[in-house]
Amino acid sequence: MYPPSMTELRIRPYDYLVTGGAGFIGSHLCEALLRRGHSVLVIDDLSTGSLSNLSVCADNPDFSYVVGSVLDASLVSEAVDLCDRILHMAAAVGVENIIRRPVETIEANVKGTENVLNAACKKMRRTFIASTSEVYGKSNDVPFREDGDIVLGATQRSRWSYACSKAIDEFLAQAYWKDKDLPVIIGRLFNTVGLRQSGRYGMVLPRFIDQALTGKPITVYGDGKQTRCFSLVDEIVECVLALMDNDDALGKVINIGCTQEVSIGELARKVKSISGCESEIELIPYSEAYPDDFEDMRRRVPDVALLRSLIGMVPEAGINQIIESILAGRSEE
Ligand code: UDP
């Protein structure tokens, strides 16, 4: 399905470069862009992404990908030269992955983004930097506003290296905007879910769905009272693309997420009841689920006033609808 020539960087102009395009959110962005008639080039090192995520795009003549890393500055620069706009999605993903591979996390997030911003600036390419709600750390000041304080834990706890490295990305992107006029937009993505998301790197909903579909216990960590706000990837993609077309978004840090809060215990109960599975719900202490130094956050809710004021929409799908749509998609696989 993937001839070797597809892995050669095809020299032609493209509308969009999607770094991390073989990942979960990146691949949905590629599909949406091609549907809208844009041409797309992907760079992905396949560390957590997979070419199978791009099977819908592979046959499109306006699509090409190169297997390579954003740590490769000359590759990034060559790719950026070919493309009008950049969606920088390549980053370390998944709490489990991050705490087990801290060096790769910090390097991918910091050096990778530096390479992208540097190359974008040489050609003044409009760029979207995907950041994360993890940046708010363990702040209790919910809902989180973009200009609110961030509260991170000790540097001895590797989870916070992710938040910190993405915060550096945000500082750097804003510095490029302020000092060098690079047209850049920073999106803080809240928990995003949907088809093709893997549970392998720790993400809770695909794990619960896999557990339900295989009749295994649904593993709720801690007391299950911690909350998150989940958004369907299709809605996140709509928001990112709308922001890219909005001049007022330039230079800004913008929350992108849904405001409907659900506890992880409730999420497990919903997955169980909507799927009709026989799985038990099992509470697992954090000490068994994660290495010793792990800290979780109790609540994470976005303030979406800025997003709404910029693009007139925010992710709205409720958790039942989200679970139903993922289960329906999975049953078609
Ligand atoms: N979680 C869980 N069971 C799992 C995986 C995760 O209870 O099998 C919990 C995790 O401890 C956290 C929440 O679900 O409280 C969301 O975890 P995820 O890794 O999906 O995202 P994040 O913590 O980055 O919001």
Side-chain angles (χ1 to χ4, degrees), residues 23-25 48 91-101 105 109 130-140 142-144 150-153 157-167 188-194 196-214 216-233 236 255-272 275 277 279-302 315 319 322-323 326:
F24 160 55
I25 304 177
T48 52
V93 290
V95 172
E96 237 180 72
N97 189 32
I98 282 152
I99 54 186
R100 293 190 204 287
R101 303 172 69 220
T105 297
N109 290 356
S131 185
T132 165
S133 56
E134 185 86 7
V135 163
Y136 290 104
K138 48 187 178 175
S139 167
N140 290 319
V142 288
F144 296 142
I150 62 179
V151 182
L152 304 184
R157 295 172 186 255
S158 46
R159 175 179 197 150
W160 305 117
S161 69
Y162 182 61
C164 214
S165 59
K166 293 307 282 185
R188 280 189 187 154
L189 273 52
F190 283 65
N191 295 64
T192 304
V193 293
R196 300 202 294 263
Q197 184 177 34
S198 166
R200 213 175 312 144
Y201 309 110
M203 278 80 154
V204 66
L205 187 54
R207 284 170 91 107
F208 283 5
I209 288 179
D210 286 343
Q211 289 162 344
L213 294 179
T214 53
K216 294 194 180 126
I218 299 180
T219 54
V220 172
Y221 299 159
D223 61 7
K225 292 192 179 134
Q226 70 275 33
T227 72
R228 295 294 187 269
C229 296
F230 295 92
S231 303
L232 209 46
V233 65
I236 295 286
N255 287 337
I256 309 177
C258 177
T259 54
Q260 298 173 49
E261 201 175 359
V262 61
S263 76
I264 299 303
E266 181 65 12
L267 183 72
R269 290 189 286 279
K270 282 182 184 289
V271 169
K272 181 172 160 77
S275 67
C277 72
S279 300
E280 299 295 321
I281 295 176
E282 204 178 298
L283 287 185
I284 298 184
Y286 284 122
S287 57
E288 281 176 32
Y290 297 108
D292 281 351
D293 68 351
F294 186 74
E295 275 184 295
D296 203 8
M297 50 276 291
R298 294 303 285 174
R299 293 179 70 194
R300 183 190 272 163
V301 186
I319 194 65
I322 289 175
I323 296 169
I326 297 174

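Nothing here was measured: the structure is a model prediction, and the numbers come from that model. Values below: every heavy atom of this structure, side chains too, minus hydrogens, waters and symmetry copies. Counting convention: from 1, in listed order, for ligands and their atoms alike.
Between Glu134 and the choices Lys166, Arg188, Arg159, the salt bridge (Lys or Arg N to Asp or Glu O under 4.0 Å) rule is met once, by Arg159. Results of the side-chain contact (heavy atoms from CB on, under 4.5 Å) test with Val271 over Ile326, Leu205, Ile281, Ile319 single out Leu205 as the only residue that passes.
Centroid-to-centroid, the aromatic rings of Tyr221 and Tyr290 come within less than 6.0 Å. The six-membered or imidazole ring of Tyr136 lies near that of Phe144, with a centre-to-centre distance under 6.0 Å.
Between the side chains of Asn140 and Arg298, no donor-acceptor pair of N or O atoms lies under 3.5 Å. There is no side-chain donor-acceptor pair under 3.5 Å between Gln211 and Ser279.
Protein neighbours of ligand 1 below 4.0 Å, counting non-hydrogen atoms: Val95, Glu134, Arg159, Asn191, Gly202, Met203, Val204, Arg207, Phe208, Thr219, Val220, Tyr221, Gln226, Arg228, Ile264, Tyr286, Tyr290, Asp296, Arg300.
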